[in-house]
Every structure is written in structure tokens, then in C-alpha cells.
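Notes follow the structure.
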Amino acid sequence: MGRPTAEELFDRHHVTIYRFLRRLTGDSTLAEDLTQDLFVKVIRGLETYDSRDRDLAWLFRIARRIVADRRKAGSRTPDLVPSEEEAYPASAPGQVRLGLDEALALLPETECEAFLLREQGGFGYEEIAAIAGATPDAVRNRIHRARTTLRKLLSAGIVRSGITGPREASQ
Amino acid sequence: MTEDSLEVLSAFIDGEAANPEMLARALAAPGAFEALLDFARMRFEIATDRSRPTPRFYTSMEKWLSASPGRGRRVLRAAMLGFAAVLLVGIGVAAGISLRSSTDRGTHRLAPPPATREVSFTKGVDWFQS
């Protein structure tokens with residue numbers, strides 16, 4: 001089977017990529033821009049097709065690079081690589097329950113990304129490891145930590161105002 | 001519930017191979033049911049995400065896609081398929097016409113030859129007796 005055309009890739013995968021980027025960045029307008037950047041690169045043949053990957057895995061690799069490029073360029077993209085040691089916000093009186101999107105925005109990027117690649121992309125640990133350039137064990141641990149933190153954030157309830165999570169703090 | 005148990009449950013719901021003994025311990029730990037339910041809730045929320053890009057995005061992308069080499073190839077492929085279909089129909093029609101004309105020629109070949117003598121029978125004559 002040959003390489004699919006850019007149009008075929010767009011038809012099949014643009015919504016999944018958009019949803020991934022929307023959750024990863026917490027910004028739907030930015031997610032649209034990044035999704036467009038990705039497919040424009042594919043259309044213009046600026047990315048070398050890797051037939052070893054599933055199409056979607058290849059696109060996710062490009063998506064990661066685009067997010068990283070935006071970050072380096074200092075655009076609107078939040079700083080997506082916070083230090084893992086940064087503290088999560090503690091619960092406080094007058095709490096308001098967070099939605100999943102808000103909770104995801106408080107995760108370190110590596111954990112958020114691994115979690116979304118699993119839940120949104122449907123990839124196994126080996127594939128996520130290949131996409132993210134990590135080991136399967138590290139992926140397993142990142143996803144576990146993401147889930148544990150999300151549970152805490154979603155169940156504990158946190159005051160929205162004044163919260164600056166690892167990624168929000170640097171915007 | 002320990003972090004290790006949570007990690008085992010997390011990997012288990014992702015379809016990864018789990019050590020049965022560790023899984024049994026994790027499932028028996030207090031809070032295992034709630035943890036699995038919370039993981040399932042998160043998955044469900046993401047799986048039922050119906051968000052899509054805005055019309056502005058599609059308008060913008062259409063410009064890029066219409067100029068993509070892939071679209072040219074698609075048009076060419078469609079044109080070639082159309083041409084192949086027309087060719088097949090043409091071959092079919094030609095074959096039909098050819099078959100029909102050959103059948104017509106066959107009909108001529110089966111016609112009786114011209115008469116070389118004429119025999120007339122007289123009514124009332126017993127040809128066996130006379």
C-alpha cells in the first residue's frame with residue numbers, strides 16, 4: 001500500500017489531532033492553528049513520510065515537533081515543559097470542582113502528553129514511547145502519574161482563581 | 001492503596017500485560033474499585049469529546065488542500081477510472097455489434113440452396129401401384 005495523500009490523511013485524522021492539541025494546549029484557537037500548521041507541512045511535503053509508523057503515529061510525531069517549535073519561538077503556546085518537581089496546587093476552602101481540561105492544564109507536559117496519546121490517540125505504551133522518545137517503562141509511569149494527579153485534582157476540587165499550575169504559570 | 005497498586009491498575013486498563021499476582025493484590029486493595037471507576041470516567045470523557053475545528057479552520061484548510069499534489073493525483077485517478085469505464089463500455093458495444101453481424105452472416109449461410117429440379121405431384125395418383 002502506498003503513501004496516502006495529504007488530503008486522505010487530513011480527512012482521516014484532522015479531528016483527532018485537533019482534539020489532542022486542544023487538550024494539550026488548553027486553547028482551541030491555538031489548537032486550530034497548530035493543526036493547520038501540521039497539515040500544511042504535510043501538504044507541502046516538508047515532512048518525510050515514515051511508512052514504518054501508523055499514519056496517526058507519524059502525524060503525532062509532527063504535532064509534537066510543531067508544539068515544541070512554537071514554544072521555542074515564544075508564541076502564545078504555554079510553556080509545555082515544566083519541571084516535574086513543581087508543586088501542584090493544594091486544595092483550599094471555597095473550592096470549585098475542576099473540569100478535565102482544566103486539570104490537564106495543571107499536569108507537566110510529559111505526563112499530559114503520554115496520557116493524551118493513550119486516551120486520545122489510542123496508542124499502546126510501545127508506540128507512545130516511540131513517539132515521545134521515551135522508554136515504555138517511563139511511559140507507563142507517566143500515564144500512571146497523570147491519572148493519579150488528575151484523580152486528585154478532579155475529586156478534591158480546587159479554587160480556580162489564583163491557581164497557576166506548572167504550565168499555566170509560564171503563560 | 002499504594003502507588004505500585006495504582007500503577008498496576010493503570011497499566012491493566014490500558015491493556016498492558018500485568019503480573020497476575022500483583023494485579024490480584026492491586027484489585028484486592030481498598031480503593032481499587034473507585035480508582036478503576038475514576039480511570040474509566042476520564043476515558044469516557046475523552047472518548048465522548050465531540051469538539052471540532054471551527055468553519056474558519058476548514059475554509060483556510062480548503063485553500064491548502066485544493067492546491068495539494070494529492071488532489072491533482074485524485075483528479076487524475078478519477079479521470080483514468082472514467083476513461084477505463086468508457087473504454088470497457090466501448091469494447092462491450094463493439095463486441096456486441098460484432099457478434100450480431102456474425103450471427104447475421106450465419107443466418108445467410110443456413111438459407112436453402114437454390115432449386116436444381118422441380119417435382120410436381122398429381123392428386124389422386126397412386127405412385128406405388130403405377
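Here is the naming used below: chain letters follow the sequence lines, and residue numbers restart at 1 for every chain. A quick note: this is a predicted structure, and the numbers were derived from the prediction, not measured.
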Quick note, side-chain hydrogen bond (donor to acceptor under 3.5 Å, both in side chains) partners involving residues 29-47 of chain B, not counting sequence neighbours, are A/Glu119-B/Arg43, A/Arg151-B/Asp38, B/Asp14-B/Arg43, B/Asp38-B/Arg41

Which atom pair, heavy atoms only, marks the closest approach of A/Gln36 to B/Phe57? N-CE1, 3.8 Å

Contact class of A/Leu9 relative to chain B, heavy atoms under 4.5 angstrom: neither

Go through the steps for A/Phe115 and B/Ile46 under the test side chain to side chain contact (heavy atoms under 4.5 Å, CB included), then give the verdict. CA-CA 11 Å; A/Phe115 176 77; B/Ile46 290 176; 3.5 Å; yes

Mind checking whether B/Arg56 and A/Thr29 have side chains closer than 4.5 Å, heavy atoms only? yes

Kindly compute the distance separating CZ (B/Phe39) from CG (A/Leu150), expressed to the nearest 0.5 Å. 9.5 Å

Under 4.5 Å from a heavy atom of chain A, the part of B/Ala35 involved: both

Indicate the atoms forming the closest heavy-atom contact of A/Val15 with B/Ser51, along with that distance. CG1-O, 4.0 Å

Candidate pair A/His14 and B/Tyr58, rule ring pair (Phe, Tyr, Trp, His ring centres under 6.0 Å), full reasoning: CA-CA 10 Å; A/His14 78 275; B/Tyr58 288 102; 5.2 Å; yes

Please name the pair of heavy atoms, one in A/Arg147 and one in B/Met42, separated by the smallest distance, quoted to 0.1 Å. O-CE, 3.6 Å

For residues 16-29 of chain B, which residue pairs qualify under side-chain hydrogen bond (donor to acceptor under 3.5 Å, both in side chains), counting only residues two or more places apart or in two chains? none

To the nearest 0.5 Å, how far apart are CD in A/Glu7 and OG in B/Ser66? 9.0 Å

What is the minimum heavy-atom distance between A/Phe39 and B/Met61, and which atoms define it? CB-CE, 3.6 Å

